[in-house]
Amino acid sequence: MFLSVKGLKKAFGDQEVLKDINLEIERGNILTIIGPSGSGKTTLLRCLNALERPDKGTYSFDDGLELHFSDHIKKNDMTRLRLKSGMVFQSYNLFPHKTALENVIEGPLIVQKRNKDAVMTLARDLLEKVGLSDKMDLYPHQLSGGQQQRVGIARALAIQPELMLFDEPTSALDPELVGDVLKVIKDLANEGWTMAIVTHELRFAEQVSDRVLFMDNGYIVEQGSPKDVLRNPSEERTKQFIQRIMNP
Amino acid sequence: MFLNSLLFTISANMKGWDLFVNSLWPMIQGAIKGTIPLTLISFTTGIMLALITAIMRLSSYKFLTIPARVYVSAIRGTPMLVQLFIVFYGLGQLGFTINPFPSAIIAFSLNVGAYASEVIRASILSIPKGQWEAAQTVGMSYGQSLRRIILPQAARVSIPPLSNTFISLVKDTSLASLILVTELFRKSQEIAARTYDFMLLYVEAALLYWVICFILSLVQDRIEQRLERYVS
Ligand SMILES: Nc1ncnc2c1ncn2[C@@H]1O[C@H](COP(=O)(O)OP(=O)(O)OP(=O)(O)O)[C@@H](O)[C@H]1O
Ligand SMILES: [Mg+2]
């Protein structure tokens, strides 16, 4: 078990957004998170890499790192947690004053201070992997949304995380650009990356996931294999949600 | 009308024309030795001060935000001329005698520091939160995020308003003549005190300021056009 999350809670002011989240992520597995707007999916991902600090709960990683959020957390552990996962944002959030290549090398070169030649090779390989070997020296505003998102994926991969987090990576894209980004994610799945993906693309979720998790109102309502959750949900709320997405 | 009568005075009076030409060089010297270095040095130190102040104000520690706020409020709430007099005459009386030129630098830097800090603070705040978060997810600390991701973007946003501050500063340095700094305007005052040709000499000084500011505004336009290209 790569990560086990127990009793995760998060509130903004007096609004409880994550109420009692328990989940496990296996190494090499892909977890997709689905659920209606406002159910807490983004907040869950953000808690997983400490962009938001959970109020309560425990993370246990297979390398022995344990974080108890009701207690004080050492800065060092927080940094370790953050570097365990790479985040791909819905709105890309590329650095606009840096080229595609510079966006990718920023983490490994500046923060992790790895060897420059090795980082350059890694960055070129990653950009090639996401199909942008001819766009390395372009700035974000010179790229399409789909290309920007693929740079975002390469940037997240470059810190060599153990877990990749995707928050609706295609929902800001024009329909004809979605395919390229999904293909990159599928390639990563085939390479054996561990990933957690928030998405509304249920067909895609069915193809790539090992587990699907349905959230509503801050709770995990149902989780299981894609076939069970997407084709044969046992909870009424899951059924309604899937029906609404499939036949809008 | 005004210009006509000026031209009339000049052309009708060759002595006036000679005076205009003869005082041009001393005034330009005043600009080169006084106005321009005063502006450049004060602006540079002022911007550094502004950056520190802006970062202090954005912090979440009261012991940093409060001094920064008091400083900005005090400078913005008092006349520049009064600040200049406090630094030069006031500190002088207390035994901290500072020469006119450095006194002016201190006062102008403090001034730029306060006004520009508001510009810089606003431009830092204008950078989307997602940029901070993206920096954090690649592992950057607060300082690294600020230096490598936020400030370069904020700099672009703040260049147009800061170039206005710069141009205003060129004109404001004329106040230094009142604490005896020999800059452009002081030169014109000195010559006028001898010749009593107030109108001619002060208009000449005004023209020189205008030329400097006009050139600067052309530079400003160029810079802004280049910035347009990068953004979008
Ligand atoms: N920083 C914040 N401050 C206050 N409230 C927040 C904050 N972030 C999220 N929320 C609230 O938490 C709830 C869950 O938000 P979240 O973004 O996690 O939902 P989501 O499932 O990702 O929705 P969507 O599908 O629309 O992206 C919402 O009601 C939202 O308004
Ligand atoms: Mg969301």
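Just so we're on the same page: letters track the sequence lines, and every chain starts at 1. Hydrogens, waters and symmetry mates play no part in the numbers below; they use all other heavy atoms, side chains included. All values reported here derive from a predicted model rather than from experimental measurement.
- The part of A/Leu83 that comes within reach of chain B is its side chain, from C-beta onward, which places non-hydrogen atoms under 4.5 angstrom from that chain.
- Residue contact with chain B, scored on non-hydrogen atoms closer than 4.5 Å, involves the backbone and the side chain of A/Ile110 alike.
- For a residue to count as touching a neighbouring chain, one of its non-hydrogen atoms must lie under 4.5 Å from one of that chain's; by this rule B/Gln144 touches chain A with the side chain only.
- If you tally non-hydrogen atom pairs under 4.5 Å between each of A/Gln112, A/Arg155, A/Gln142 and chain B, the highest count goes to A/Arg155.
- Ranked by heavy-atom pairs under 4.5 Å with chain A, the first of B/Ser141, B/Pro128, B/Ala135 is B/Ala135.
- Between the side chain of A/His97 and the main chain of B/Arg148, a donor-acceptor pair closer than 3.5 Å is present.
- Side-chain atoms of B/Tyr71 come within 3.5 Å of backbone atoms of B/Leu110 as a donor-acceptor pair (strictly under, hydrogens ignored).
- Looking at A/Arg82, its side chain does come within 3.5 Å of a backbone N or O of A/Ala50 through a donor-acceptor pair.
- In summary, the aromatic rings of B/Phe185 and B/Tyr202 are positioned with their centroids under 6.0 Å apart.
- Of the two parts of A/Phe95, the backbone and the side chain both hold a non-hydrogen atom closer than 4.5 Å to a non-hydrogen atom of chain B.
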Practice task
Report the C-alpha distance between A/Asp125 and A/Lys129 in whole Å, list the side-chain angles of each, state the deciding distance to 0.1 Å, and finish with yes or no for salt bridge (charged side-chain N to carboxylate O under 4.0 Å, His left out).
Solution key: CA-CA 6 Å; A/Asp125 288 350; A/Lys129 190 209 291 268; over 6 Å; no

